[in-house]
Amino acid sequence: MWQESRSEKSWQKKKSQDWDKRAAGFAERNLNSPFAEQFLAALQPESTWSVLDVGSGPGTLALPLARRVQRVTALDYSPAMLAELRNQAGAAGLDNITAIQASWLDDWDELAIGRHDIAIASRSLSVDDLAGALAKLDRSADQGVYIVDRVGAGPFDPDLFLAIGRDFDPGPDYIFTLNILYTMQINARVDFITLDHNRCYHSREEALKSYRWMVDNLTPAEDEKLIAYVDARLTKIDDNTWRLNRRIPPKWALIQWRK
Ligand SMILES: C[S@@+](CC[C@H](N)C(=O)[O-])C[C@H]1O[C@@H](n2cnc3c(N)ncnc32)[C@H](O)[C@@H]1O
């Protein structure tokens with residue numbers, strides 16, 4: 001069912017090169033985001049922890065975690081994402097992050113990834129063999145595993161797709177992951193991270209960018225409708241602050257289990 005639902009989703013499956021192209025924009029939108037703040041508040045990191053962050057991206061979680069735990073291993077198959085992470089870590093003077101270019105499918109033993117206290121996969125379980133990936137994550141952690149998965153449309157705004165006249169199927173969400181874990185005799189706990197209906201941006205262009213990434217192969221005619229949609233929800237607070245309101249806020253499931 002997971003694979004069937006994945007094949008029906010509107011958002012194209014991404015290869016590492018696709019993530020490379022998105023790396024700079026993703027970093028801009030996600031580093032220092034309210035999502036990272038809420039995740040860390042739920043995680044309550046301990047200073048002695050070693051953490052494996054699979055599909056780390058530009059370091060959305062790896063960077064703030066490195067400030068609070070002993071060491072972080074950030075694994076991602078996109079070199080551009082890891083370059084963003086290394087730049088940010090260097091600028092912040094963080095020397096306790098090991099960035100490794102690898103995929104969910106690689107042999108982590110061969111790469112000497114090793115065991116960590118905590119294993120994390122945030123918004124990165126884009127794999128056909130979900131049970132295999134979950135088992136691998138479970139084997140890598142001595143104390144606990146934390147997964148972030150979409151709830152329904154997750155970060156996508158369904159109203160945007162209505163506005164530009166496109167059907168939208170976000171694909172399988174956290175409930176598949178939870179049920180697959182159940183079949184693996186892992187009874188996980190689920191909490192939810194719901195972001196605010198409003199988010200502030202420094203400019204109108206930044207607000208537009210926060211929507212453009214949602215649509216694969218946006219046509220010029222669709223972009224016009226997207227601009228009208230965003231403009232209708234944007235309020236200028238002052239020269240440096242624009243507030244964007246959406247009816248359905250981004251929502252994530254935080255799935256966790258202790259070992
Ligand atoms: C949506 S981003 C999430 C980044 C970060 N964890 C966060 O929550 O902001 C997904 C990341 O997973 C990585 N990724 C996707 N499929 C992967 C795979 N099969 N192996 C390794 N990394 C993968 C992508 O390169 C990308 O950096």
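Atoms within a ligand are numbered from 1 in the order they appear, just like the ligands themselves.
- Between atom 2 (S) of ligand 1 and the options Trp104, Trp252, Phe26, the minimum heavy-atom separation is to Phe26.
- Among protein heavy atoms, atom 25 (O) of ligand 1 sits closest to Asp76 OD1, 2.6 Å.
- Ligand 1 has Ser56 within reach: a non-hydrogen atom of the residue lies less than 4.0 Å from it.
- Here the two rings, on Tyr174 and Phe192, have centers that are under 6.0 Å apart.
- By the 4.0 Å N-to-carboxylate-O rule, Arg204 lies close enough to Asp231 to be salt-bridged with it.
- Under 4.0 angstrom from ligand 1, the non-hydrogen atoms of Ala102 all belong to its backbone.
- Nearest residue to atom 3 (C) of ligand 1 from Gly59, Ser122, Ser124 is Ser122 (criterion: closest heavy atom).
- On a distance-only criterion, Arg123 and ligand 1 share at least one N/O pair closer than 3.5 Å.
- Heavy atoms only, all atoms of each residue included: Met81 and Asp20 are closest at N-OD1, 4.4 Å.
- Between Tyr229 and Tyr211, the two ring planes are tilted [angle within 30° to 60°].
- The distance from ligand 1 to the heavy atoms of Ser78 drops below 4.0 Å at these ligand atoms: 25 (O).
- Closest heavy-atom contact between Ile120 and Leu137: O-CD1, 4.2 Å.
- For the pair Arg22 and Glu28, the salt-bridge criterion is not met [side-chain N within less than 4.0 Å of a carboxylate O].
- With respect to the salt-bridge test (charged N to carboxylate O, under 4.0 angstrom), the residues Asp142 and Arg115 qualify.
- Residue contacts with ligand 1 do not include Asn30, since none of its heavy atoms lies under 4.0 Å from the ligand.
- Heavy-atom distances between Phe39 and ligand 1 stay at or above 4.0 Å for every pair.
- Close contacts between ligand 1 and Thr60 involve ligand atoms 5 (C), 7 (C), 9 (O) [criterion: under 4.0 Å to a heavy atom].
- Each of the following atoms of ligand 1 lies closer than 4.0 Å to a heavy atom of Ser103: 20 (N), 21 (C).
- Close approach of ligand 1 to Gly57 (heavy-atom distance below 4.0 Å) involves ligand atoms 4 (C), 27 (O).
- One finds a salt bridge joining Asp138 and Lys259 here, because a Lys/Arg side-chain nitrogen approaches an Asp/Glu carboxylate oxygen to under 4.0 Å.
- The cationic group of Arg123 lies under 6.0 Å from the six-membered ring centre of Trp252 and within 45° of the ring axis, placing it in a cation-pi geometry.
- Look at Asp159 and Arg246 and you find no salt bridge, because none of the NZ, NE, NH1 or NH2 atoms lies under 4.0 Å from a carboxylate O.
- Polar contact with ligand 1: absent for Asp53 (N/O pair, distance under 3.5 Å).
- At a 4.0 Å heavy-atom cut-off, ligand 1 touches Trp19 through the side chain alone.
- Against a heavy-atom cut-off of under 4.0 Å, Met81 is close to the following atoms of ligand 1: 27 (O).
- The residue from Ala23, Gly55, Ala80 that puts a heavy atom closest to atom 11 (C) of ligand 1 is Gly55.
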